[in-house]
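These notes concern the structure reproduced below.
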Protein chains: 2
Amino acid sequence: MKQRTTLKQIAKIFNVSIATVSKALKDSHEISIATKLKIQEYAKQHNYRPNSIALSLLNKKTKTIGVIMPSILNPFFVKTFSGVEQIANDKGYNVITIVSHGKLEKEITSINMLENGIIDGLLISLSEETEAKQHFKHLEEFIDNAGPIVMFDRVSDSINTDKVIVDDFNCAYKATEHLIKTGCKHISVVSTLDNVGIIKLRIDGYLKALEDYKIPVNKKIINVIKPGYDFETEIKTMLDYQKVDAIIGLEEFSAVESMIIAQDRGYTIPNAISIISFTNSDFFKYTKPSITCINQHSVFMGKTAAEILISRIEQPTDTNTIFQTKTIKTTLVERNSTKQIANNY
Amino acid sequence: MKQRTTLKQIAKIFNVSIATVSKALKDSHEISIATKLKIQEYAKQHNYRPNSIALSLLNKKTKTIGVIMPSILNPFFVKTFSGVEQIANDKGYNVITIVSHGKLEKEITSINMLENGIIDGLLISLSEETEAKQHFKHLEEFIDNAGPIVMFDRVSDSINTDKVIVDDFNCAYKATEHLIKTGCKHISVVSTLDNVGIIKLRIDGYLKALEDYKIPVNKKIINVIKPGYDFETEIKTMLDYQKVDAIIGLEEFSAVESMIIAQDRGYTIPNAISIISFTNSDFFKYTKPSITCINQHSVFMGKTAAEILISRIEQPTDTNTIFQTKTIKTTLVERNSTKQIANNY
DNA sequence: TTTATTATGTTAGCATTTGAACATTTTGCC
DNA sequence: GGCAAAATGTTCAAATGCTAACATAATAAA
């Protein structure tokens, strides 16, 4: 790596001031054509590029945004990230990504690190622990010191920012309703995430559907598996001791794993047990049977969140801004892990 | 967002110079305890954080690295990225991610953008087009102007940098050998990527295994599907008109899709046709049958690449550095899409 | 001579660090 | 007690790379 070309250097070579070089490179009319030409020529040849760090210091804008997610090894977040990346790049922003691994501590230190002026704004999906402990001071601090935040998917009402969410209540309702219409009566819900707001919403939607269709609730088949418990054991026990004719998996892995366990125990899918999963993973096409799922349009969600954030950055708002919450509509993608809707509906 | 706290501000409040504040916050012995205390107290209360942009300008280090990948909607790259993110964060670096979508143009503009001093170094897996056109000027320029590059997975010998690769030749060899040992004789290779160096290496490894085991080569079942051709049609045609008893998929999707198509056409897996895939996607466990694959240890690859890059950044090398190429060992993960090894081996 | 016009330079500012310089106080010694 | 030397506390100035407002100089036209 050789010495980077700077205005100063060029100025020295042509025996002019730094300002002249700066203006010449901007093709300012103030500078004579001859001077401009030779300076531009030299700059091009030496591959001059204005130092963006210096520019950032000057403009107090870095054209960089941050994204904090609980996980990246998860199709939902990968797709969301992909949407964010696309929009950010289109609009000339760089994206700094941080994975919180569900840990509040990591979230705090990362946000503190990003609070020093490196990013113009932040996209965040809260870590499990953050939601469980309802700790949001770090977010408020960021907003105070660094710039706007847009929360997506795992959001909190306690923080006043823009939000992009999925209609979790409704889509859980729709999924449950769909299963009911295909003749299921003992519908289980399985999740590995506890204390996460969206999970509560989904379960509420599920309960509401049961209520509306006058199906009794069996709490033993609402299976939120806490950390430390073995997924397989829990599901096996449930299948052995409870009547279950459908499973709604609240995350990809819950759904596929449950299906495999059920198949191993001899249940046919979808006749003995139907399966619906949240999140549309590309791989659901390839399982046997392919898995019916709720498409949360995660790429679109990422795009939307990034768009909102960038517009907030570019046209900062006054103190009494009203923040918006955008809800992404979900769709049910019917595949072969659910039965056809019965005639009497 | 209120006004960010700066040294200047604090200095004004206590009627001291900026330097005093700076030193006080660094707990310098030059400053009296009383002054230090009140300044530190105030700084803490007002949540002062040194502006990293100003520091970057001063130190010519941003503690940020870039990662450019052809795709992010691909388990291999996601895992690699995850490894990179972990190491970078451990070492206090931020990661800026850019997806080239296989396009040279995107790669060039991104690298130019990152050449302005925003990042201290770059990790890159070349886009398909870059490899096809053998265009590397942008990379050389980056190295000249901005800092070290470490290439991973899709690398080029034309560029003198550190590299982290997979032993593509050997693992294709091993996969082919494994199939041969389980009794397969008509082994097809399927890929959707053309003009990518690693694909050539893999095919070479495959050919070498055939040669060593004296199995005749049938070029019609080496199926590199060019853009514009329909995957399904190509595979169907191959299965209908050629004798095939095994398929090696050079990327996840090639493998799963091929398996599904074969199953649809009535072939049993693994008895009629065996399947081996490159890259260990978590979902290969959940297909029926589960898919035997080559674990490329992508997370580890990402970690290794990040470690090399950061050490290059932190202890810059002289002009005549010898760069290293690290090869990640792969392992064959046997599942149910391949037969057991026959007795006579 | 005055006034534009054209080309270039000066300065301040963005936030920070750091070694040198300065001023003040304390200490030591005769 | 007086004075130099040492210690202490604080400020200055330069540096990072760049821009923008303002200033200056020289030339040409009125």
Side-chain angles (χ1 to χ4, degrees), chain A residues 1-40 42-43 46-63 114-120 145-147, chain B residues 1-40 42-43 46-64 115-120 145-147:
Chain A
M1 188 175 132
K2 59 164 193 257
Q3 186 59 31
R4 206 179 260 133
T5 318
T6 66
L7 293 185
K8 203 180 184 180
Q9 257 180 49
I10 304 182
K12 204 168 159 191
I13 285 175
F14 293 105
N15 233 319
V16 292
S17 76
I18 295 179
T20 307
V21 180
S22 172
K23 286 177 190 168
L25 292 175
K26 293 214 131 59
D27 219 10
S28 157
H29 63 276
E30 294 175 51
I31 305 296
S32 71
I33 296 177
T35 313
K36 279 201 285 193
L37 266 177
K38 66 181 181 188
I39 290 180
Q40 286 170 1
Y42 181 92
H46 289 73
N47 191 264
Y48 169 79
R49 284 178 211 299
N51 180 318
S52 14
I53 298 295
L55 287 177
S56 293
L57 186 58
L58 205 57
N59 306 324
K60 296 162 168 249
K61 285 269 171 264
T62 60
K63 283 266 186 181
L114 294 175
E115 217 171 301
N116 317 162
I118 325 186
I119 57 174
D120 295 341
N145 298 313
Chain B
M1 187 177 133
K2 58 165 193 256
Q3 187 61 31
R4 204 178 261 132
T5 317
T6 65
L7 293 184
K8 202 180 184 178
Q9 261 181 43
I10 304 181
K12 204 169 157 191
I13 284 174
F14 292 104
N15 233 320
V16 293
S17 76
I18 295 178
T20 307
V21 180
S22 172
K23 285 176 184 168
L25 292 175
K26 293 213 128 58
D27 219 9
S28 158
H29 64 275
E30 294 174 56
I31 305 295
S32 72
I33 296 175
T35 313
K36 280 200 284 194
L37 265 177
K38 66 181 181 188
I39 290 179
Q40 286 169 2
Y42 181 92
H46 288 73
N47 190 265
Y48 168 81
R49 283 176 211 300
N51 180 318
S52 12
I53 298 296
L55 286 177
S56 292
L57 187 59
L58 204 59
N59 305 325
K60 295 161 168 252
K61 285 270 173 264
T62 60
K63 282 270 188 177
T64 303
E115 217 171 302
N116 317 162
I118 326 186
I119 57 175
D120 295 341
N145 298 314

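Residue numbers start from 1 in every chain, and the chains themselves are labelled A, B, ... in the order their sequence lines are given, proteins ahead of strands.
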*NZ of A/K36 versus C1' of C/dT8: gap in Å, rounded?*
13 Å
*Do any side-chain nitrogens or oxygens of A/K60 fall under 4.0 Å of OP1 or OP2 in C/dA15?*
yes
*asked:* By the 4.0 Å heavy-atom rule, please label A/I18 as base, sugar-phosphate, or nothing.
replied: base
_Under the side-chain contact (heavy atoms from CB on, under 4.5 Å) test against B/V21, which residue among B/T6, B/I31, B/V16 passes?_
B/V16
*Give one of base, sugar-phosphate or nothing for A/R4, where a contact means two heavy atoms less than 4.0 Å apart.*
nothing
*Compare side-chain N and O positions of A/T20 against OP1 and OP2 of C/dG9 and report whether any pair is under 4.0 Å apart.*
yes
_Heavy-atom side-chain contact between A/H46 and A/Q9 under 4.5 Å_ = no
*Look at the side-chain N and O atoms of B/T6 and state whether any lies under 4.0 Å from the OP1 or OP2 oxygen of C/dC14.*
no
*Under 4.0 angstrom, heavy atoms only, what part of the nucleic acid is B/N116 near: base, sugar-phosphate, or nothing?*
nothing
*Phosphate contact (D/dG9 OP1 or OP2) by B/T35 side-chain N/O below 4.0 Å*: no
_Output the rounded distance in Å from NZ (A/K12) to P (D/dA15)._
12 Å
*Are any side-chain N or O atoms of B/N59 and backbone N or O atoms of B/K61, one a donor and one an acceptor, separated by less than 3.5 Å?*
no
*asked:* Applying a 4.0 Å non-hydrogen cut-off, can you work out what A/F14 is touching in the nucleic acid: base, sugar-phosphate, or nothing?
replied: nothing
*asked:* Under 4.0 Å from OP1 or OP2 of D/dT16: is there any side-chain N or O of A/K8 that close?
replied: yes
*asked:* Please classify the nucleic acid contact of B/K23 as base, sugar-phosphate, or nothing, using heavy-atom distances under 4.0 Å.
replied: base
*Protein-nucleotide distance (A/Y48, atom OH; D/dG17, atom C1'), rounded to Å*: 7 Å
_Between the side chains of A/K63 and A/D120, is the shortest nitrogen-to-carboxylate-oxygen separation below 4.0 Å, so that they form an ion pair?_
no
*Distance, rounded to the nearest Å, where A/K61 contributes NZ and D/dT19 contributes C1'*: 17 Å
*Using a cut-off of 4.0 Å on non-hydrogen atoms, how would the nucleic acid contact of B/L55 be classed: base, sugar-phosphate, or nothing?*
sugar-phosphate
*Are B/S22 and C/dT16 close enough that a side-chain N or O sits under 4.0 Å from OP1 or OP2?*
no
*Using a cut-off of 4.0 Å on non-hydrogen atoms, how would the nucleic acid contact of A/S56 be classed: base, sugar-phosphate, or nothing?*
nothing
